[in-house]
Amino acid sequence: MSIRHGLLALLEHGPRYGSQLRTEFESRTGSTWPLNVGQVYTTLGRLERDGLVSQGGADGAGHPLYAITDAGRAELRTWFERPVDRSSPARDELAIKLAMAVGAPGVDIREVIQAQRRHTVKAMQDYTRLKAQALTALEDGGPRERDDVAWLLVLEQLIFQTEAEARWLDHCESRLIRLSATAPAAPATAHPAAPATASEPGAGAGVRRGPGAGVGAGDGGGGSGGAAGGGAEGRGR
Amino acid sequence: MSTPLAAQPVLRLQKLTRVHGSGATEVHALRGIDLDVHPGELVAVMGPSGSGKSTLLTIAGGLDSPTSGQVVVEGTDITTAGAKELAALRRRSIGYVFQDYNLIPALTAAENVALPRELDGTSARKARGEALAALEEMGLGHLADRFPDEMSGGQQQRVAIARALVGDRRLVLADEPTGALDSETGESVLALLRTRCDAGAAGVLVTHEPRFAAWADRVVFLRDGAIVDQTVRSEADSLLTGRVAEA
């Protein structure tokens, strides 16, 4: 998350003081990524050091005000124009967990998947209820319409992201079932969660190559591939 | 929700099993399903194909009989009801919404919605009044005199929801109702189903789309004919801030 650019974008609407920026940032993003005021001031300090904002004057209550500079505007425009990098996906704990669950002794990977699916779908239900509220607020045409629209977009991003994850989990499960159905008839491969032992070459290769390859694809699926899949789907339907 | 739902479920499935075939070709489509759906509640049933989702819905609606177990709709066990009683119960208490809308092409929206009431013996005039009221209440009044082929898929599906819940019926069983719709239209159909449940109906939604299941109060996961897991609804107030994102 780029707090730097978020603050620059808010400052483009006019000079603001620190806690005001924090409030505005949160009302745009529905406090999905809460900021503390310390983070705001640290970031403002760095922006000032880099010549992207300047401090000048104070409001009626004596709060020091920050304003965006021309260099700051240029930086902001570049940020809006440049796509967010998806070619080096952030570490995804779930993808790592499933990768580790393949062949982990005493771990039923289908249970890992189901526990995650329940949690993920639950999060989607929560986001969806918030979204229904946001839609109602928009229909009622409140005074903070710009914030409501921004919040709706953020919520829908969370919904699409969790949806991509839920679909990926479904896919992992059916993939594992398919692989275990077609695996060589060695006992250790009969179940995907069965521990792989080096003494069983067939099983070892099956576990390492089969699901291992699946996890490689899955890693991308959880990160860039999954996000792209969700996005494409959103546009497609 | 912390407020207790009305004591009597609209739909209660108890120890429901369904076996297709026998002997070597025996298939256990449902294995001991227990499920209550209360007024005001929308329950989504998710699961891979072949997990028994649609079988569950057809049995819940009295379109198929279970091998064993009970299906209680509005207090009546439909598995022991006679054919006539069952037909009446299906007309009066249960509404269906299918993937392909199933409106009758030769009838207008209002006539489609009025049909189940007329079949149930309500006068044509009264049935039409009820149909118009149902359409109006769902914001579909302007569609009343259109024929199905003059409406979009989303509009037809919304009319189908009106038909499912016309009169005092309050159980709606929806089998992949968004299957033939684009994402945004599917969402508006779900939003309508949601508001009908908020207004007191009980809904069961079969879907394989997590984004649509997410409109439900409860999501039930079906595997090989059994409920293996379900989500529990959050307290409404706990998710108004960033705490959701931290979960």
Side-chain angles (χ1 to χ4, degrees), chain A residues 1 25-27 29-36 110-111 113-136 139 151 154-171 173-175 177-178 230 232-237, chain B residues 1 42-51 139 178-188 190-195 197-198 207-224 227-247:
Chain A
M1 167 186 51
F25 186 91
E26 293 197 353
S27 66
T29 57
S31 27
T32 307
W33 302 282
L35 280 184
N36 65 52
R110 286 184 70 181
E111 271 174 26
I113 290 172
Q114 178 52 34
Q116 185 65 46
R117 178 164 33 221
R118 180 182 61 234
H119 179 86
T120 302
V121 169
K122 172 84 167 6
M124 279 183 82
Q125 285 176 272
D126 292 345
Y127 296 147
T128 303
R129 285 163 69 200
L130 290 173
K131 173 183 163 163
Q133 289 169 12
L135 284 171
T136 310
E139 275 165 19
W151 171 218
V154 169
L155 275 173
E156 292 187 319
Q157 193 263 355
L158 295 169
I159 291 169
F160 275 102
Q161 213 169 45
T162 41
E163 183 192 22
E165 187 167 286
R167 296 170 75 98
W168 175 60
L169 288 166
D170 288 349
H171 172 81
E173 186 173 40
S174 49
R175 166 77 77 204
I177 291 170
R178 259 198 319 275
E233 194 171 340
R235 284 190 297 277
R237 288 189 289 152
Chain B
M1 265 192 301
L42 178 60
V43 175
V45 180
M46 293 196 78
S49 47
S51 58
T178 55
L181 302 173
D182 66 74
S183 171
E184 206 151 315
T185 313
E187 187 135 275
S188 66
L190 254 301
L192 177 61
L193 201 55
R194 176 74 263 172
T195 56
C197 291
D198 288 340
T207 182
H208 66 278
E209 293 277 358
R211 190 148 37 87
F212 295 133
W215 285 84
D217 299 299
R218 196 145 54 96
V219 179
V220 167
F221 297 95
L222 220 56
R223 286 285 176 288
D224 304 323
I227 293 176
V228 293
D229 205 354
Q230 57 181 305
T231 65
V232 182
R233 185 171 181 159
S234 309
E235 292 293 318
D237 297 340
S238 72
L239 46 95
L240 291 175
T241 62
R243 273 180 287 173
V244 168
E246 292 161 13

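Bear in mind that the values here come from a model prediction, so they are computed numbers and not experimental data. Below, read A as the first sequence line, B as the second, and so on, with proteins coming before strands; counting in each chain starts at 1.
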(request) Side chain from CB out, backbone as N, CA, C, O: work out which of these in B:Pro48 comes under 4.5 Å of a heavy atom of chain A, or both, or neither. (result) neither

(message) Could you measure the distance from the CD atom of A:Glu163 to the CZ atom of B:Phe212? Nearest 0.5 Å is fine.
(response) 8.0 Å

(request) Give, as side chain, backbone, both or neither, the part of B:Arg223 having an atom under 4.5 angstrom from any heavy atom of chain A. (result) side chain

(message) Can you tell me how far apart CD (A:Gln125) and CG (B:Asp217) are? Round to the nearest 0.5 Å.
(response) 8.0 Å

(request) Give the C-alpha distance, both sets of side-chain angles, the deciding distance and a yes or no for side-chain contact (heavy atoms from CB on, under 4.5 Å) between B:Arg211 and A:Phe160. (result) CA-CA 8 Å; B:Arg211 190 148 37 87; A:Phe160 275 102; 3.8 Å; yes

(request) Under 4.5 Å heavy-atom distance to chain B, tell me which part of A:Glu26 shows up: side chain, backbone, both or neither. (result) neither

(request) Quick one: list whatever passes salt bridge (Lys or Arg N to Asp or Glu O under 4.0 Å) with B:Glu187, sequence neighbours left out. (result) A:Lys131

(request) Nearest 0.5 Å please: distance from the CG atom of A:Asp170 over to the CE atom of B:Met46. (result) 6.0 Å

(request) Supply the atom-to-atom distance B:Asp229 CG to A:Glu111 CD, rounded to the nearest 0.5 angstrom. (result) 10.0 Å

(message) Under the rule for side chain to side chain contact (heavy atoms under 4.5 Å, CB included), what residues qualify as partners of A:Ala115, not counting sequence neighbours?
(response) A:Arg118

